[in-house]
Amino acid sequence: MSIAEKIVMLRKKNAWSQEELAERMNVSRQAVSKWESGQALPDTERIVMLSEIFDVSTDYLLRDPRETDASVRDTGEERRYVSAEMAEAYLELRKRASVKIALATFLCILSPITLLILGGVSELGGSFLSEAMAGAIGLGTLFAFVLCAVPMFALCGFQNAPYEFLEKNVPFSLSHGVRAMVEERKRTFRDTYVLFNLLGTCICVFSPVPLIVSAFAENELLCVIMLGVTLAVAGIGVVFFILAGVQNASMEKLLQEGEFSPKEKKRTPLAEAVGSAYWGLITLAYLAWSFLGGAWHVSWILFVAGGVLFPLVLLITNGISDKKNG
């Protein structure tokens, strides 16, 4: 139970209205309302006054059983504490990082489009563009986009380094009032999270429409161009997923919920290793097929197939991890 919930419970137990409690505390009703909603925390002086008015200890008001890590009590491991200032800084950092990560991912998705289109142009009879020149320009553009994206990913990783313990299986606790603040932020963000995921899903589902329509034209170059359009549109959908997902994940990490609960964190090392190996093999197969087989126009489908099969790989990995940890 958070301090906000305790104030509400104790006030109602004494059959006082917010106005009556505010009068006893010599504060405004709005101040009491903010305390009870978790939008603000009483200062030290007010905490002492509340403990006297409600006839409870300050320790009772400040301590939140949910913010005590059971594994720490059992194992005696050193516990890290996350203050309100640290939580605020982390949430703001991940909010800014969501934009950088979304942009960097979008650039990576756009990177092969030029190569695909120029490759299609070079195959036209009497084209001014040779296949070698198309490949050189296309690959140059691809690497340029990737080189712009990589520093963004690296910067986000570097800035997030002080908070990596939130993602690892490292015991930590939230200082008093932090859980209520983060839960309130998560509730406020909920509508945006649902909206962005809905937009991302709709955009990705309808992204192949230009490619499907172009297939009826029986024009190979048009199909290649529409493939580029499909990738760009799908990239926009992915941007919405990332903007919503990174921010929501930052709050779940602090609250230790969802995939960042202690149970799920135990799965993380194995899942990360399998995921890295899996996508490494997919990328290796893509490059081998593209360079050695000259199949740039179709080799991209490996990533589509890999994305479809990846949830099954994760399911098997999690099953193995649960069996090992159980």
Run the side-chain donor-acceptor check on residues 134-153: report pairs under 3.5 Å with partners two or more places apart or on a different chain.
{"from": "Thr141", "atom 1": "OG1", "to": "Ile137", "atom 2": "O", "distance (Å)": "2.9"}

Let me have the donor-acceptor pairs involving side chains of residues 232-242, under 3.5 Å, with sequence neighbours excluded, atom names and distances please.
none

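Checked against side chain to side chain donor-acceptor pair (under 3.5 Å), Arg46 has no partners two or more places apart in sequence or in another chain. Applying the side-chain contact (heavy atoms from CB on, under 4.5 Å) test to Ala4 and every residue at least two apart in sequence or in another chain returns Ser2. Legend: residues meeting side-chain contact (heavy atoms from CB on, under 4.5 Å) with Ser37, ordered by chain and number and at least two apart, are Gln39. Shown here are the side-chain contact (heavy atoms from CB on, under 4.5 Å) partners of Glu23, two or more places apart in sequence or in another chain: there are none. Here Glu257 pairs with Arg179, Lys186, Leu255 under the side-chain contact (heavy atoms from CB on, under 4.5 Å) rule; sequence neighbours left out.
Applying the side chain to side chain donor-acceptor pair (under 3.5 Å) test to residues at least two apart or on different chains, none of the pairs has a partner in residues 197-212. For residues 91-119, every residue pair satisfying the salt bridge (Lys or Arg N to Asp or Glu O under 4.0 Å) rule, not counting sequence neighbours, is listed here: Glu92-Arg96. Applying the salt bridge (Lys or Arg N to Asp or Glu O under 4.0 Å) rule to pairs touching residues 136-157 yields nothing, sequence neighbours excluded. Among pairs with a residue in residues 12-59, those fulfilling ring-ring contact (aromatic ring centres under 6.0 Å, His included) read Trp16-Phe54, at least two apart in sequence or across chains. Applying the ring-ring contact (aromatic ring centres under 6.0 Å, His included) test to every pair with at least one member in residues 202-230, sequence neighbours left out, gives no pairs at all.
Judged by distance alone, with hydrogens and angles left aside, the side-chain atoms of Gln247 form a donor-acceptor pair with the main-chain N or O of Leu243 at under 3.5 Å.
Taking the side chain as every heavy atom from C-beta outward, Tyr90 and Lys253 approach each other to under 4.5 Å. No side-chain heavy atom of Leu254 sits less than 4.5 Å from a side-chain heavy atom of Ser250. Looking only at side-chain heavy atoms (C-beta outward), Ile53 and Met25 come within less than 4.5 Å of each other. Using a 4.5 Å heavy-atom threshold, the side chains of Leu174 and Phe172 count as touching. Annotation: side chain of Ser214 is not in contact with side chain of Val229 (no heavy-atom distance under 4.5 Å). Proximity of Tyr81 to Val178: side-chain heavy atoms (C-beta onward) are nowhere separated by under 4.5 Å.
Residues Leu221 and Ile117 approach most closely at CD1-O, 4.1 Å, considering heavy atoms.
Under the 4.0 Å criterion applied to side-chain N and carboxylate O atoms, Lys34 and Glu184 are not assigned as salt-bridge partners.
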**OP:** Show your reasoning for whether salt bridge (Lys or Arg N to Asp or Glu O under 4.0 Å) applies to Arg185 and Glu88.
**Re:** CA-CA 10 Å; Arg185 290 275 288 267; Glu88 285 280 6; 2.9 Å; yes

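Here Met251 contributes atom CE and Glu183 contributes atom CD; the two are 11.5 Å apart, rounded to the nearest 0.5 Å. A distance of 12.5 Å separates CG of Leu231 from SG of Cys108, quoted to the nearest 0.5 Å.
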